Amino acid sequence: MMPAARESLLDAAYTALARRSWSAVRMVDVAAAAGVSRQTLYNEFGSKEGLARALVRREADGYLAGVDRALATHSDARERLTATAEWTATLARDNALVRAMLTGCWSERLPSPTLSAVPSSSAVPAQRRADGPLPSPGDFVAIVRDRAVSVLSGPGINKSDTPDLARSCELVVRLALSCVAAPPGEGGVADLVRSALYRQLTG
């Protein structure tokens with residue numbers, strides 16, 4: 001099956017989930033919305049659980065791709081981390097699956113696939129990946145922290161400063177997650193991050 005058709009099915013599942021709880025989403029409706037047969041849907045994902053895992057994996061990948069974009073937006077370290085925090089808080093506000101992944105709080109209306117790997121007999125490489133382990137909130141903190149450290153520890157950074165940089169990056173991720181759970185007031189996440197980093201990073 002073409003990757004575009006897989007994306008269409010995932011788009012259809014995401015749209016269906018926005019309208020009703022996952023338990024009420026029917027595979028036949030997802031297939032119809034994507035313009036494929038139900039058998040094609042089962043061939044691609046194996047089961048409704050497989051579809052849920054693939055959907056969660058796609059949203060996780062989309063979030064991390066956005067982190068990479070945010071880290072590439074500025075030359076100033078503080079602004080790169082601020083952009084990352086803003087992306088995290090904004091996407092989590094707008095995307096219930098990302099919010100659940102980042103906080104570990106899965107509401108009853110969402111699918112809640114087990115985060116550990118499941119046995120996979122799929123011939124579809126993308127599905128075998130989705131059947132692998134899914135990131136926990138702690139995994140996301142570590143992944144984003146490490147990506148930020150990798151981007152920010154350029155030629156001008158002394159290697160002995162890396163532990164401090166890692167702490168600053170982790171602080172920013174955790175601040176962003178706190179803003180997901182309890183949205184900040186005026187000034188938003190950007191003001192909080194800039195204040196936290198004021199003494200921690202030099203531009």
Side-chain angles (χ1 to χ4, degrees), residues 14 17 52-107 110-117 129-130 132-203:
Y14 185 86
L17 181 59
R53 293 187 73 82
L55 188 57
V56 169
R57 168 51 59 188
R58 183 181 75 161
E59 299 310 305
D61 289 345
Y63 165 65
L64 292 171
V67 166
D68 290 338
R69 285 193 302 273
L71 288 168
T73 49
H74 301 276
S75 55
D76 178 77
R78 275 189 300 263
E79 292 309 310
R80 287 180 178 202
L81 289 173
T82 300
T84 301
E86 288 186 302
W87 163 251
T88 297
T90 300
L91 188 66
R93 184 189 66 219
D94 298 339
N95 185 317
L97 281 173
V98 171
R99 185 165 59 250
M101 281 187 276
L102 291 176
T103 61
C105 299
W106 295 82
S107 76
L110 296 175
S112 54
T114 170
L115 296 181
S116 55
R129 181 166 178 264
L134 297 170
S136 68
D139 292 333
F140 277 112
V141 170
I143 292 167
V144 176
R145 177 199 64 211
D146 293 348
R147 289 188 182 193
V149 169
S150 177
V151 168
L152 299 179
S153 59
I157 297 277
N158 187 319
K159 288 299 176 198
S160 65
D161 293 337
T162 304
D164 288 339
L165 178 61
R167 276 193 293 274
S168 294
C169 292
E170 180 159 339
L171 171 67
V172 167
V173 182
R174 292 187 180 282
L175 260 179
L177 294 184
S178 76
C179 292
V180 171
E186 198 174 337
V189 65
D191 276 4
L192 285 174
V193 170
R194 289 190 185 109
S195 299
L197 292 177
Y198 182 71
R199 295 180 185 280
Q200 297 215 20
L201 287 176
T202 54

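Because the structure is predicted, anything quoted here is derived from the model rather than measured.
Residues Ala196 and Leu175 approach most closely at CB-CD1, 3.6 Å, considering heavy atoms. The heavy-atom pair separating Leu102 from Ala92 by the smallest distance is CD1-CB, 4.2 Å. Closest non-hydrogen pair, Tyr14 versus Asp94, comes out as OH-O, 4.2 Å. In this structure, Arg57 and Pro135 approach most closely via the heavy-atom pair NH2-CD, 3.5 Å. When every heavy atom of Val189 is checked against every heavy atom of Ala89, the shortest pair comes out as CG1-CB, 4.3 Å. The minimum heavy-atom distance between Arg53 and Thr114, with the atom names listed, is NH1-O, 2.6 Å.
Pro111 places a side-chain heavy atom less than 4.5 Å from the side chain of Leu97. Between Thr73 and Glu79, the closest side-chain pair of non-hydrogen atoms is not below 4.5 Å. Side-chain contact between Pro113 and Leu134 is present, with at least one heavy-atom pair separated by less than 4.5 Å. Using a 4.5 Å cut-off on side-chain heavy atoms (C-beta onward), Val172 and Arg145 make no contact.
Rounded to the nearest 0.5 Å, atoms CZ (Arg93) and OG1 (Thr88) are 12.5 Å apart. Atom CG of Leu81 and atom CG of Leu165 lie 7.5 Å apart (nearest 0.5 Å). From Asn95, atom CG reaches atom CE of Met101 across 6.5 Å, with rounding to the nearest 0.5 Å. From Leu192, atom CG reaches atom CG of Leu171 across 10.5 Å, with rounding to the nearest 0.5 Å.
The pair Asp61-Arg58 does not meet the salt-bridge criterion, since no charged nitrogen lies less than 4.0 angstrom from a carboxylate oxygen.
Residues that satisfy the side chain to side chain donor-acceptor pair (under 3.5 Å) test with Asp68, not counting sequence neighbours, are Arg147. Shown here are the side chain to side chain donor-acceptor pair (under 3.5 Å) partners of Arg99, two or more places apart in sequence or in another chain: there are none.
Although no hydrogens or angles enter the test, the distance criterion places no donor-acceptor pair under 3.5 Å between the side chain of Trp87 and the main chain of Leu64.
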